[in-house]
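Presented below is the structure to which this report refers.
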2 protein chains.
Amino acid sequence: MSEWFETLEGLRARVWQRLGRGVADRRAPARHPTLATLGTDGAPEARTVVLRGASEAAGSVTIYTDAASAKVAELAREPRAALHVWEPKDRLQIRLALTVEIRTGASLDALWERLSPEARRAYGGRPEPGRPIGDPVADYEETRERARFAVLDGRVERIEALHLGDWHRRADFSRADGFAGAWIAP
Amino acid sequence: MSEWFETLEGLRARVWQRLGRGVADRRAPARHPTLATLGTDGAPEARTVVLRGASEAAGSVTIYTDAASAKVAELAREPRAALHVWEPKDRLQIRLALTVEIRTGASLDALWERLSPEARRAYGGRPEPGRPIGDPVADYEETRERARFAVLDGRVERIEALHLGDWHRRADFSRADGFAGAWIAP
């Protein structure tokens with residue numbers, strides 16, 4: 001009987017299990033991955049996001065965001081992005097290469113209806129994110145705006161899993177071969 | 001008496017304090033930031049790194065890495081990078097925009113001498129990182145190679161701090177004005 005990190009199937013299954021846990025449990029590490037994008041000045045950018053969906057069958061992940069955030073402008077120009085999770089208990093690093101589609105408009109009505117007033121705080125605000133303000137309280141107004149709610153549909157192109165153990169193991173899984181996977185040097 | 005997150009000085013001081021803690025304490029969140037670079041295919045890449053130095057006076061951070069890792073090749077082409085830390089207890093996101101200089105060679109001799117045999121495991125290995133291998137144990141050899149030890153000197157160009165509280169506060173600190181800082185919309 002091998003450990004989960006000793007086989008390609010085991011590693012891949014653990015990756016999706018951890019991502020699924022992040023969607024379901026707000027205290028799981030995969031709840032708050034880091035999303036890296038290409039900034040409009042050509043330099044990389046990285047920030048925490050909230051993972052809202054993960055489907056092994058579709059090979060996809062879902063993130064909600066403010067349509068006025070810099071990441072949306074960046075992804076509109078360069079849809080390739082990286083999503084990063086470190087699972088301390090498993091000593092597992094998960095790296096996803098994504099192609100991201102930005103979704104807004106009427107197809108999100110049902111999702112919006114299900115969001116709590118607290119959750120809706122994340123979509124809106126005046127002025128828009130990143131604009132200079134004199135005072136962080138007096139010069140900023142919280143708004144909840146349906147039109148500012150956007151969904152990032154991330155198509156997983158590649159998964160890299162790295163397990164740090166007595167022996168480090170690293171594997172690469174590509175959409176091209178159905179995520180069959182291959183070992184690579186750690 | 002204001003809270004640390006209510007003033008620009010307080011936020012900036014907390015950022016450097018947390019980074020310093022990451023250098024000193026292997027269990028601190030800032031010990032393992034995420035480094036985002038521009039991949040050689042033009043897509044962003046993100047991975048965990050170990051923070052080895054942080055100096056507020058110099059406005060710099062230091063990372064050790066394997067000279068044969070993809071990130072070194074990427075930074076040689078595009079030295080601009082992003083370093084990301086999430087501090088859960090402080091509810092503080094730290095984002096650094098860096099320009100990275102890759103250091104190898106004799107200037108690292110003293111640092112190398114101070115590394116434990118265990119730490120030296122991270123610099124070396126055959127084949128080189130990312131190369132295909134048939135079996136993760138039989139086809140990979142651990143080596144400790146002085147020539148594979150590299151230091152990334154990150155010059156901090158910009159710091160963005162985001163504190164999530166009852167009221168979210170976000171500030172931008174630029175080298176251009178001595179990191180005086182300015183509030184921006186969260």
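Proteins come first, then strands; the chains are lettered A, B, ... in the order of their sequence lines, and each starts at number 1. In this text, all values refer to a predicted model and were calculated from it rather than measured experimentally.
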Report task. Take the angle between the ring planes of B:Trp112 and B:Phe149 and call it parallel below 30°, perpendicular above 60°, tilted in between. Result -> tilted

Requested in this report: May I ask you to decide whether B:Arg126 forms a salt bridge with B:Glu145, counting only side-chain N to carboxylate O separations under 4.0 Å?
Outcome: yes

**Report entry** Note: B:Arg155-B:Glu101 ion pair, threshold 4.0 Å (strictly below)
**Finding:** no

Query raised in the report: What part of A:Ala182 lies closer than 4.5 angstrom to a heavy atom of chain B: side chain, backbone, both or neither?
Result: neither

Requested in this report: Check whether A:Asp172 gets within reach of chain B through its side chain, its backbone, both or neither, counting any heavy atom under 4.5 Å.
Outcome: neither

If you count heavy-atom pairs under 4.5 Å with chain A, which of [options] comes out on top?
options	answer
B:Gly130, B:Pro127, B:Gly39, B:Ala97	B:Gly130
B:Gly42, B:Ser69, B:Ala171	B:Gly42
B:Gly134, B:Ala81, B:Pro132, B:Ala43	B:Ala43
B:Asp139, B:Asp41, B:Leu83	B:Asp41
B:Arg170, B:Glu142, B:Gln93	B:Gln93

So which of [options] has the biggest tally of heavy-atom pairs under 4.5 Å with chain B?
options	value
A:Leu35, A:Val85, A:Ile94, A:Val137	A:Val137
A:Glu160, A:His168, A:Glu78	A:His168
A:Pro136, A:Ala82, A:Pro186	A:Pro136
A:Leu38, A:Leu96, A:Ile133, A:Leu98	A:Ile133

**Report entry** Donor on one side chain, acceptor on other, B:Thr37 and B:Arg47, under 3.5 Å
**Finding:** yes

Report task. Tell me yes or no: between the side chains of A:His163 and A:Glu6, is some donor less than 3.5 Å from an acceptor? Result -> no

Evaluate the side-chain proximity of [Y] to [X]: yes if any heavy-atom separation is below 4.5 Å, no if none is.
X	Y	result
A:Leu108	A:Arg146	yes
B:Phe173	B:Leu11	yes
A:Leu152	A:Ile102	yes

Tell me, side chain or backbone of [X] under 4.5 Å from chain A's heavy atoms, or both, or neither?
X	value
B:Asp66	neither
B:Arg27	neither
B:Glu45	both
B:Glu128	backbone

Report summary line: Separation between OH (A:Tyr64) and CG (A:Leu111), nearest 0.5 Å, reads 4.0 Å

Query raised in the report: What's the spacing between A:Thr65 OG1 and A:Arg148 CZ if we round to 0.5 Å?
Result: 10.0 Å

